[in-house]
Asks: 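Structure below; questions to follow.
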There are 2 protein chains.
Amino acid sequence: MVSASTANVRGPYKNGIKRRREIIESAARVFGQFGYAGGSLRQIAQEVGVTPAALTRHFDSKEGLLVAVLDYWDEENDRTIPRSRQGLDRFLGMPTSVLHHTMDRGLIEMFLTVAAEASNPRHPANEHIRRRYERVIGNGVRELTRARELGQVHPMSDSEIVAEVRGAYALMDGIQLQWLIDPTIDLVATFKRCLGDIISKWTGHEVDWDAVARDGAETP
Amino acid sequence: MVSASTANVRGPYKNGIKRRREIIESAARVFGQFGYAGGSLRQIAQEVGVTPAALTRHFDSKEGLLVAVLDYWDEENDRTIPRSRQGLDRFLGMPTSVLHHTMDRGLIEMFLTVAAEASNPRHPANEHIRRRYERVIGNGVRELTRARELGQVHPMSDSEIVAEVRGAYALMDGIQLQWLIDPTIDLVATFKRCLGDIISKWTGHEVDWDAVARDGAETP
DNA sequence: GTCTATATCACGATAGAC
DNA sequence: GTCTATCGTGATATAGAC
């Protein structure tokens, strides 16, 4: 984080930090609606109420702004995943993350659009997006492995664990894409049902989502 | 299809039809790599070896070209789904579609990139992409309903059927996205395993993918 | 820290020759 | 059917005033 070095400086920088944040949030909206290539600095600047020059002042270039936006998304996203959720709980908490996403369509729209665009090796955000998936899948593998050690799930080989974790996150991305295209579908209910299919194959018994919601409320 | 009206005309149009096809295939590559907004007619024209003016001659506008590319994708895709596959067979055949996609990365890259971009209501391809998902999900719902009537799967309510079908296609999109970002993952094996989780919840017994492959080879 | 002004460039689309 | 030439627009990024 660039702002970390200036966060505790007094006085005149406070406006800059606030403005910086405004720019990032506008940029997330614009990149989400038109993609990275399709969104323009002009458009973002107009939303914020400044000129394009102010944007390059803060972020050097359009690419620099994109990276800042992606970092912002990761922060927002991690906030919805309490570090206390370990083992099987990690996956039972996924619908909660999805629920949070429904309240900020811009971020998920931005992420999926940029992720698809950045899948090309020559895209400026390719490295960032690749590392992001590595991290997310890696964390999932760690927690499902933990669940296996704890006896929360049936025995699985390491490669089976990777496949199952990839499937769970693939389901999440895919359902969210369908919801972007048709927002009338019940995103959380659909996701719960399909994720429940997968998790119940792991554990051998049905998932009681109501009980999960109660437990989640007790220990947030 | 526009070319349908000229496909069986003699002589001088043959070159035009062939060129038209070249343009569409190049456009699919370029739109896949840079998105619709990010890809340019100049770039496509250069790949084909003509000037941008030739492109607008054939397709009127950039948007017209995009529509032609999406139609082309649908044709290519439908070719991998034999109409003979009904009921549960429809879903058992999904990994075959995915396998075909691995052999033409450009098309799946184009589709996912444009689908994410076009999720915005103001995107020129929004209507097209929305109808496409409606059709795909609708077909899936029809076949899973048929499977229910045939007793191939456990009883399910109509709304449960919709959720399960959405989940199956979400899984497919999501896994393909992960494969675009990291092509070293075993796309088909991962998809088979996770789809198997879902289908076995429907039927109550494990999916024997080897048997599916044998049956598919017998009746293509 | 933000502005105005501008340099430089690429875009989609069109007109008209061949 | 494709070309050359060009128009008008809008993009990123920079320079220098305030």
Side-chain angles (χ1 to χ4, degrees), chain A residues 2-3 5-7 9-27 29-31 33-69 114 117 122-125, chain B residues 2-3 5-7 9-27 29-31 33-69 114 117 122-125:
Chain A
V2 177
S3 64
S5 58
T6 58
V9 172
R10 71 192 185 285
Y13 293 125
K14 273 200 297 188
N15 268 342
I17 292 170
K18 186 180 162 197
R19 177 54 55 92
R20 202 187 147 86
R21 195 187 170 80
E22 287 175 357
I23 295 172
I24 287 177
E25 288 177 352
S26 275
R29 265 194 301 277
V30 172
F31 288 156
Q33 284 189 23
F34 306 99
Y36 169 67
S40 72
L41 294 184
R42 277 178 149 76
Q43 210 171 347
I44 297 164
Q46 196 180 14
E47 267 203 23
V48 179
V50 296
T51 60
L55 272 58
T56 59
R57 190 74 175 178
H58 278 285
F59 302 96
D60 285 355
S61 67
K62 190 185 185 186
E63 187 178 333
L65 177 55
L66 174 62
V67 171
V69 169
V114 171
E117 214 181 337
R122 277 143 61 186
H123 193 281
Chain B
V2 176
S3 62
S5 58
T6 57
V9 173
R10 72 192 184 286
Y13 292 125
K14 272 198 296 186
N15 268 343
I17 293 171
K18 186 182 164 195
R19 177 53 56 91
R20 204 188 145 86
R21 194 188 171 81
E22 287 175 358
I23 295 172
I24 288 178
E25 288 178 351
S26 276
R29 266 193 301 277
V30 172
F31 288 155
Q33 284 188 23
F34 306 99
Y36 170 65
S40 72
L41 294 184
R42 281 179 150 77
Q43 207 171 349
I44 297 164
Q46 196 179 14
E47 266 203 24
V48 179
V50 296
T51 59
L55 271 58
T56 59
R57 189 73 176 179
H58 278 285
F59 302 97
D60 286 355
S61 66
K62 190 185 185 185
E63 187 178 333
L65 176 55
L66 175 62
V67 170
V69 169
V114 172
E117 213 182 338
R122 278 142 61 186
H123 193 282

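Reminder, nothing fancy here: chain letters follow the sequence lines and each chain counts from 1.
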Asks: In terms of side-chain heavy atoms of A/Ala54, which of C/dC3, D/dT14, C/dA13 is nearest?
Replies: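 It is C/dC3.
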
Asks: At under 4.0 Å between heavy atoms, what does B/Thr51 touch on the DNA or RNA strands: base, sugar-phosphate, or nothing?
Replies: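 Base: the residue B/Thr51, judged by heavy atoms under 4.0 Å, touches a nucleobase.
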
Asks: For the atom pair CD1 (A/Ile17) and CD (A/Glu22), what is the distance rounded to the nearest 0.5 Å?
Replies: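 Here the interatomic distance stands at 12.5 Å.
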
Asks: To the nearest Å, give me how far apart OH (A/Tyr36) and C1' (D/dT12) are.
Replies: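 Distance check: A/Tyr36 OH to D/dT12 C1' gives 10 Å.
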
Asks: Have a look at A/Gly64 and say if it touches a base, only the backbone sugar-phosphate, or nothing, with a 4.0 Å heavy-atom cut-off.
Replies: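 Nothing, no heavy atom under 4.0 Å.
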
Asks: How many Å lie between CZ on A/Arg57 and P on C/dA5, as a whole number?
Replies: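 Interatomic distance, CZ of A/Arg57 to P of C/dA5: 18 Å.
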
Asks: Nearest whole Å is fine: how far is C/dG1 C1' from A/Leu55 CG?
Replies: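 Rounded to the whole Å, the gap is 13 Å.
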
Asks: About how many Å separate CZ of A/Arg122 and CD of B/Gln33, when rounded to the nearest 0.5 Å?
Replies: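 Answer rounded to 0.5 Å: 5.0 Å.
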
Asks: Taking the nucleotide of DNA chain D with the closest heavy atom to each, which residue, B/Ile23 or A/Gly39, is nearer the 5' end?
Replies: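 Going by which nucleotide is closer to the 5' end, it is B/Ile23.
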
Asks: Rounded to the nearest 0.5 Å, what separates atom NZ in A/Lys62 from atom OH in A/Tyr36?
Replies: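 Going from NZ on A/Lys62 over to OH on A/Tyr36, the span is 5.5 Å.
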
Asks: Take atom CD of A/Gln46 and atom C1' of C/dT2, then tell me their distance rounded to the nearest Å.
Replies: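 Distance, rounded to whole Å: 17 Å.
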
Asks: Find out whether A/Phe59 and A/Leu66 are in side-chain contact, i.e. whether some heavy atom of one side chain is under 4.5 Å from a heavy atom of the other.
Replies: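 A/Phe59 does not reach A/Leu66 side chain to side chain.
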
Asks: State whether the distance check finds a donor on one side and an acceptor on the other, under 3.5 Å, for side chain B/Arg42 versus base C/dG12.
Replies: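 By the distance-only test, yes, there is a pair.
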
Asks: CZ of B/Arg19 versus C1' of D/dC3: gap in Å, rounded?
Replies: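 Value for this atom pair: 12 Å.
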
Asks: The side chain of B/Ala53 is closest to which nucleotide in this list: C/dT2, C/dT14, C/dA13?
Replies: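 Nucleotide nearest to B/Ala53's side chain: C/dT14.
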
Asks: Specify the separation, in whole Å, of atom CD of A/Glu63 and atom P of D/dT12.
Replies: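 So the CD-P distance, A/Glu63 to D/dT12, works out to 13 Å.
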
Asks: Quick check: do A/Ile44 and A/Phe31 have side-chain heavy atoms less than 4.5 Å from each other?
Replies: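 The answer is yes; the side chains approach within 4.5 Å.
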
Asks: What contact category does B/Ser40 fall into here, base, sugar-phosphate, or nothing, at under 4.0 angstrom with non-hydrogen atoms?
Replies: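 If one applies the 4.0 Å heavy-atom cut-off, B/Ser40 turns out to touch the sugar-phosphate alone, with no base involved.
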
Asks: To the nearest angstrom, how far is B/His58 atom NE2 from D/dG1 atom P?
Replies: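 Nearest whole value for this atom pair: 7 Å.
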
Asks: Starting at atom CG of B/Leu65, determine the distance to atom P of C/dA13, rounded to an integer number of angstrom.
Replies: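 Value for this atom pair: 10 Å.
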
